Amino acid sequence: MLAWMAIVAIPVAAQREVNYDESKVPQYVLPDVLTCQDGSVVTTKKQWEKKRRPELLNTFYSQEYGFTPKGKVDVSYELLQEDRQALDGTATQQQVMITFSGNGKSVKALMLVFVPNQRKGRVPVFIGYNFRGNHSMLPNEEILYSPYFQRMKNREDPVLVRNNQASRWPLKYIISRGYALVTMCYQDIFPDNKDGGPESITALLPETEDAQSRWQALGAWAWGSSRIADWVVKQPWANKKQLVIMGHSRQGKAALWAGAQDKRFRVVISNDSGCGGAALSKRCFGETVAIITNSFPHWFCKNFNQYAGREDALPFDQHELLALEAPRYLYVASAGEDDWADQKGEFLSARGASPVYRLYGLEGITTDQMPDLHQPIMNHVGYHIRAGKHDVTQYDWQCYMDFCDKAFKSRSRESH
Ligand code: GTR
């Protein structure tokens, strides 16, 4: 589909110029999330679920993230370590190795798990990739290096320093609020560089015929989250109706895509996901399709390149990705100094997804006004903008758990 357009060269100017001026945002028309490709307008949940949702999902497969090939990967999980008195006795910690095999090859990925010891019944679970390896989350020597880092030859490499991302993962706080956390280094699933494909889980599956719509890293990362979920739902401590997926930045993009495909994620959280995530592409504010496809040619499927510098030609936009989470809970967060991710574009996108929530009688984002800093909106769709840089902070976590508490309260009867 549209393969002929893929050869359009990326204009050099579009690669370099970054617009941070609201008055220079081009005039654009957002595609109506409820209008089908044949022009008919969706007015019921049934029409959304039977017609428009599959049509949109297919658009994101073919035009942005690529199709997940059909084929079988064997997945096995092995408990390597357990400490029942982790985090000052408040949590049980597990390290679980996943082995993916297919196509005569195998890939290993290491989960790090924290479960609150004080629990009545099953607990809600956050699933989220870390960027710098499990060892970056806490200082403890028994935390094994994630397989991606185990392969590093130079043991003095600064990336092997422990605890260097602890501020993004307030583990004791998460546990104190009654949530379990399952994390893994995203690089274990697809090493984040343009030559990462052959070492990634994509090498375990057959290649799809059409090279233009072939999945790459974002598709693989989303797929990997679902394999984590496969394990989580079998654990005796986990409430399988209370799975939350949370991702920051490029992992925010992957989290949204995972949530669009896998309805087991009851709450989907995008932290500063920006271009190719929550932010509207057509605004061309901050990072653009040209910049992102040029800097990260291994993230999206090749069809997405055809919109570089041609965002006006996009027949869809990211609010329609967010709409695919409906009627489940969705939360989008921005940071005040993160213009690169286009905070306003993230907000307007959450707003643009809201008509689908309305079909279900649910309140999404109903205002056109972006809230002030630290004034979270917590309807069925949530949004906040906090002060500071592109990052994940304790404030973000606090909002996410407040939102999840609210989401799961109404479900607690059906949840055990
Ligand atoms: C940037 C990229 C963003 C975002 C970010 C991150 O370099 O341009 O789209 O994904 O990386 O993941 O931190």
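Remember, predicted model here, so these are calculated numbers, not experimental data.
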Give a yes or no on this: more than 12 heavy atoms of other residues, nucleotides or ligands lie within 6.0 Å of atom [atom1] of [X].
X    : atom1 : result
E156 : CD    : no
Q369 : CD    : no
Q118 : CD    : no

Which heavy atom of [X] sits nearest a heavy atom of [Y], and at what distance?
X    : Y    : result
L359 : L34  : CD1-CD2, 3.9 Å
P297 : K194 : CG-CB, 4.2 Å
F285 : D21  : CE1-N, 3.8 Å

Sub-6.0 Å ring centroid separation between Y145 and F149: no
Relative to the ring of F296, is the ring of H298 parallel (under 30°), tilted (30 to 60°) or perpendicular (over 60°)?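 Judged by the thresholds at 30° and 60°, the geometry between H298 and F296 is perpendicular.
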Any idea how W223 and F100 line up, ring-wise: parallel (<30°), tilted (30 to 60°), or perpendicular (>60°)?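 Rings of W223 and F100: tilted, 30 to 60°.
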Does this structure show an ion pair linking [X] with [Y], if we count only N-O contacts that are shorter than 4.0 Å?
X    : Y    : answer
D272 : R386 : yes
K344 : D339 : no
K108 : D188 : no

Tell me which donor-acceptor pairs under 3.5 Å the side chains of residues 250-259 have, and how far apart each pair is, sequence neighbours excluded?
{"unit_1": "R250", "atom_1": "NH1", "unit_2": "D192", "atom_2": "OD2", "d": "2.6"}
{"unit_1": "K253", "atom_1": "NZ", "unit_2": "S273", "atom_2": "O", "d": "2.8"}
{"unit_1": "K253", "atom_1": "NZ", "unit_2": "C275", "atom_2": "O", "d": "2.7"}

Go through the structure and list residues passing salt bridge (charged side-chain N to carboxylate O under 4.0 Å, His left out) with D262, not counting sequence neighbours. R264
Do any N or O atoms from the side chain of Q242 and from the backbone of R122 form a donor-acceptor pair under 3.5 angstrom?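 Here the side-chain-to-backbone pair does not exist.
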Would you confirm whether Y65, through its side chain, and G276, through its main-chain N or O, come within 3.5 Å as a donor-acceptor pair?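 Yes: the side chain of Y65 pairs with the backbone of G276.
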Could I get the full list of side chain to side chain donor-acceptor pair (under 3.5 Å) partners for H384, not counting sequence neighbours? Y331, D396
Can you list everything that forms a side chain to side chain donor-acceptor pair (under 3.5 Å) with Y179? Sequence neighbours excluded, please. D405
Residues in side chain to side chain contact (heavy atoms under 4.5 Å, CB included) with A86, at least two apart?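 Scan of A86 (side chain to side chain contact (heavy atoms under 4.5 Å, CB included), adjacent residues dropped) gives D83, Q93.
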Would you give the length of the straight line joining atom CZ of R266 to atom CG of L330, rounded to the nearest 0.5 angstrom?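 If I round to the nearest 0.5 Å, the distance is 13.5 Å.
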Scan side-chain atoms only and decide if [X] and [Y] contain a donor-acceptor pair under the 3.5 Å cut-off.
X    : Y    : value
Y307 : Q63  : yes
S281 : E311 : no
Q187 : Y129 : no
N379 : Y357 : no
T68  : Y61  : no
N117 : T90  : no

What pairs meet the ring-ring contact (aromatic ring centres under 6.0 Å, His included) rule with one or both residues in residues 152-178, with sequence neighbours excluded? W169-W397
Steps toward salt bridge (charged side-chain N to carboxylate O under 4.0 Å, His left out) verdict (R358, E363): CA-CA 6 Å; R358 210 172 305 131; E363 194 182 0; over 6 Å; no
